[in-house]
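Everything on this sheet refers to the single structure shown next.
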Protein chains: 2
Amino acid sequence: MTSEPTPHAPARKGDELDARKAAILEAIVTEYIGTAQPVGSSHVAAAQSVTVSPATIRSEMVALERDGYLVQPHTSAGRVPTDKGYRFFVDHLATPGQLGPQQREKVSNFFTGVQGGIEDVLERTSSLLSDLTSHAAVVVGPSHEQAPIRSVQVVGLSPTRALIVAVLSDGAVENRPLEFSTEMDDETLSNASAHLQRIFSGSTLAHVPDIPKSGNSDVDSICALAKTTLSAAAKPGDHEPVYVGGPSRLAGSFDAIETVRGVLTILEQQLVVVSLLRDVIERGLSVAIGSEHGYESLASCAVVVAPIEVDGQRAGAVGLLGPTRMDYPAAMAAADVVGRQLSERIEADRGAAERSASPGRDTRG
Amino acid sequence: MTSEPTPHAPARKGDELDARKAAILEAIVTEYIGTAQPVGSSHVAAAQSVTVSPATIRSEMVALERDGYLVQPHTSAGRVPTDKGYRFFVDHLATPGQLGPQQREKVSNFFTGVQGGIEDVLERTSSLLSDLTSHAAVVVGPSHEQAPIRSVQVVGLSPTRALIVAVLSDGAVENRPLEFSTEMDDETLSNASAHLQRIFSGSTLAHVPDIPKSGNSDVDSICALAKTTLSAAAKPGDHEPVYVGGPSRLAGSFDAIETVRGVLTILEQQLVVVSLLRDVIERGLSVAIGSEHGYESLASCAVVVAPIEVDGQRAGAVGLLGPTRMDYPAAMAAADVVGRQLSERIEADRGAAERSASPGRDTRG
DNA sequence: CTCAGCACTCCAGTCTAGTGAGTGCCAACA
DNA sequence: TGTTGGCACTCACTAGACTGGAGTGCTGAG
């Protein structure tokens with residue numbers, strides 16, 4: 001965003017830090033992430049990257065505290081990074097993380113071995129990510145709005161009730177109940193099914209086309225109902241494909257039980273989770289720390305996000321939810337790898353679907 | 001089970017208690033549930049149902065402790081009920097609970113207002129139950145094994161991949177991906193779809209019939225694959241319909257964070273949840289307290305269960321998971337009412353489906 | 001600017017004593 | 001014989017005093 005920092009310029013309003021301050025901050029963040037204990041000047045002095053004495057470090061720490069990168073829980077305690085401190089660490093200091101060999105293997109085993117519908121894959125991916133990082137994980141799948149409809153069918157359950165089942169080209173299946181005011185026989189349903197199939201095939205849930213009259217008023221009323229029902233299914237927030245993996249890990253991450261409760265409560269609200277991840281990504285971030293995302297009850301949490309991208313389009317996200325003192329490099333690496341692999345997987349599926357659709361064959365026999 | 005207790009008979013091996021001991025135990029359980037503090041003899045003496053002096057109560061408490069109904073956290077503390085104590089309370093003492101007026105209203109509003117597919121209804125029911133009781137709730141829906149198949153369709157996604165979608169008469173939709181070793185064109189898929197629809201319609205996932213040869217080897221191989229895939233879908237443990245509501249409530253129920261973690265971990269394992277509830281019901285219980293269910297990490301939990309019954313058949317269960325010191329009458333009442341209403345709802349849906357199926361109409365147009 | 005030295009702060013742990021809720025036992029009583 | 005008041009005792013919990021140690025800020029010398 002801003003111009004490259006001049007190393008020796010005085011810190012411009014907390015924008016940059018000179019090399020020594022940065023090294024000290026890095027040492028503090030690293031140690032605090034490991035020990036969860038406030039870090040004192042002598043510990044910092046022990047770090048490889050810092051060569052000055054504890055006394056000098058102390059005076060630097062005073063400055064870092066004044067600028068908001070550190071806080072002291074109380075006088076005569078060590079320092080603890082603030083959200084701003086973590087932010088600087090993530091933006092300027094953290095060396096890109098790497099997955100360990102066993103982790104790497106877990107991931108590749110997972111993606112070569114996993115099978116099942118897309119919902120299954122997403123669900124299990126959330127477990128994988130949680131497993132890799134020991135944090136709670138979240139996977140938000142591609143919204144179904146944009147996927148072309150592959151098949152629509154109306155299945156009667158009773159004379160006045162039916163199910164409309166739409167299969168999308170990404171392999172997702174949306175189904176909604178339909179309730180009729182008058183009784184419909186199976187032949188009418190079957191005709192409506194065929195009619196809908198002809199009209200809807202290839203369009204998306206976000207833009208279902210209008211339905212031309214068929215000449216049969218019952219069929220037309222079923223179709224009209226089907227159209228509104230399917231359009232509603234695409235509305236965000238109703239049935240977003242959200243999968244949460246390993247929420248129990250949260251209990252290990254925080255010692256205050258009310259914090260755990262607050263975070264769990266957030267995770268129960270799918271809509272909130274979706275918009276949280278979307279907001280973070282839209283702000284161009286991969287990490288949101290503490291107060292950076294607006295949620296009060298996530299104040300002691302950090303969120304690490306990686307996008308799912310299919311054909312260059314954003315198609316969901318994977319995320320990790322942990323304490324602000326989490327291992328950012330490792331978490332970012334894990335999210336990144338998993339996000340990327342998941343993207344590839346979905347892309348491969350979808351690519352195959354499109355290739356087969358392109359010859360313009362009609363699905364109807 | 002056993003004959004009516006003779007009030008003055010000596011307690012037969014912890015089987016029964018005389019009236020006074022029972023009253024004392026009841027007072028202790030009731031108070032402990034309310035306060036979570038060990039209950040002393042003077043508190044018991046304050047209860048309406050107990051008219052003797054603290055000294056007498058103390059000697060009775062010694063007996064109750066010897067028989068395993070109570071424990072003392074330490075000398076000179078009050079008494080706390082054991083699992084056995086709670087068990088006696090639940091079996092012999094607890095007056096059947098009643099829902100409060102607002103709760104009653106919540107339930108009826110819910111069941112009149114809820115709409116959507118069965119999955120939605122079950123999911124929201126778990127939230128309702130959690131909301132009513134402030135405990136974590138679990139809903140296990142009817143297994144799909146026994147529901148007649150209403151419709152089967154194979155939808156092509158790519159030349160070698162397709163989705164088989166089965167709609168069951170209870171409104172559930174099962175879908176599985178199919179992977180072909182050779183490319184299939186849409187006409188073949190369509191023929192296979194029609195063939196499967198004819199054969200499978202009306203049978204259950206648990207007993208899918210064999211498929212007669214169609215004369216087309218591609219169609220036959222698709223059908224064979226479809227049969228094995230669908231049969232596998234009915235296998236228990238793979239995709240049991242389990243819904244957990246309000247897991248965050250657990251964080252409020254326990255003060256030891258590891259307990260919360262342990263219980264959350266259990267709840268993440270659908271298969272465990274299903275068998276837990278099934279075991280409890282099969283033993284003819286509606287409550288399992290502490291060590292009564294075999295799970296180590298649920299030792300400080302009680303499970304309250306109510307069956308879902310459709311046409312006299314067990315078709316799942318609703319359950320509550322809370323601390324052993326939970327308000328059993330209230331929890332049992334809530335589970336009972338919700339289970340009953342949910343049963344009615346499902347029964348109504350299914351009844352309608354069967355009525356419409358009985359005329360023997362063929363779904364195929 | 002750096003840093004060793006030093007006085008100071010304050011948490012965390014340990015010890016002490018005091019308090020109070022609660023017990024078990026016993027002798028007296030109905 | 002069962003019930004009860006009285007009494008000595010136990011023991012968690014709390015508050016206060018004390019201490020050790022980690023850590024700070026400041027200062028003066030190099």
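What's counted below: heavy atoms across the whole structure, side chains too, no hydrogens, waters or symmetry copies. Letters go in sequence order (proteins before strands), and every chain restarts at 1.
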From CZ of R20(B) across to P of dG2(D) the rounded distance in Å is 9 Å
Could you walk me through whether D83(B) and R87(B) pass the salt bridge (Lys or Arg N to Asp or Glu O under 4.0 Å) check? CA-CA 6 Å; D83(B) 292 350; R87(B) 165 56 58 199; over 6 Å; no
Could you run down nucleotides 5-11 of chain C 5' to 3' and tag each one B, S or - for protein heavy-atom contact under 4.0 Å? B---BBS
Spacing of M61(B) atom CE relative to dA21(C) atom P, expressed in whole Å: 15 Å
Once you measure the plane-to-plane angle for Y86(A) and Y32(A), does it fall in the parallel (<30°), tilted (30-60°) or perpendicular (>60°) bin? tilted
Report the distance from atom CD1 of I57(B) to atom P of dT4(D), rounded to the nearest whole Å. 9 Å
By side-chain contact (heavy atoms from CB on, under 4.5 Å), V62(A) pairs with (sequence neighbours left out) R79(A)
All ring pair (Phe, Tyr, Trp, His ring centres under 6.0 Å) counterparts of F89(B), not counting sequence neighbours: none
L70(B) atom CG is separated from dG22(C) atom P, nearest whole Å, by 14 Å
If the cut-off is 4.0 Å, is R79(A) near the phosphate of dT24(D), judged by side-chain N/O to OP1 or OP2? yes
Tell me the interatomic distance from E60(A), atom CD, to dG23(D), atom C1', rounded to whole angstroms. 18 Å
Sequence neighbours excluded, the answer for side-chain hydrogen bond (donor to acceptor under 3.5 Å, both in side chains) partners of E26(B) is none
What is the separation between atom CD1 on I24(B) and atom P on dG22(C), rounded to the nearest whole Å? 15 Å
Rounding to an integer number of Å, can you tell me how far Q72(B) CD sits from dC9(D) C1'? 13 Å
S53(B): what forms a side-chain hydrogen bond (donor to acceptor under 3.5 Å, both in side chains) with it, not counting sequence neighbours? T56(B)
Given dC3(C), dT23(C), dG5(D), the nucleotide with the shortest approach to the side chain of S53(A): dC3(C)
Closest non-hydrogen contact found for A22(B) with F88(B) is CB-CE2, 4.2 Å
Report yes or no: do R58(B) and S41(B) form a side-chain donor-acceptor pair below 3.5 Å? yes
Any Lys/Arg nitrogen of K84(B) or D91(B) sitting under 4.0 Å from an Asp/Glu carboxylate oxygen of the other? no
Strictly below 4.0 Å, heavy-atom distances to any atom of DNA chain D: list the hits from residues 35-46 of chain B, or just say none. none
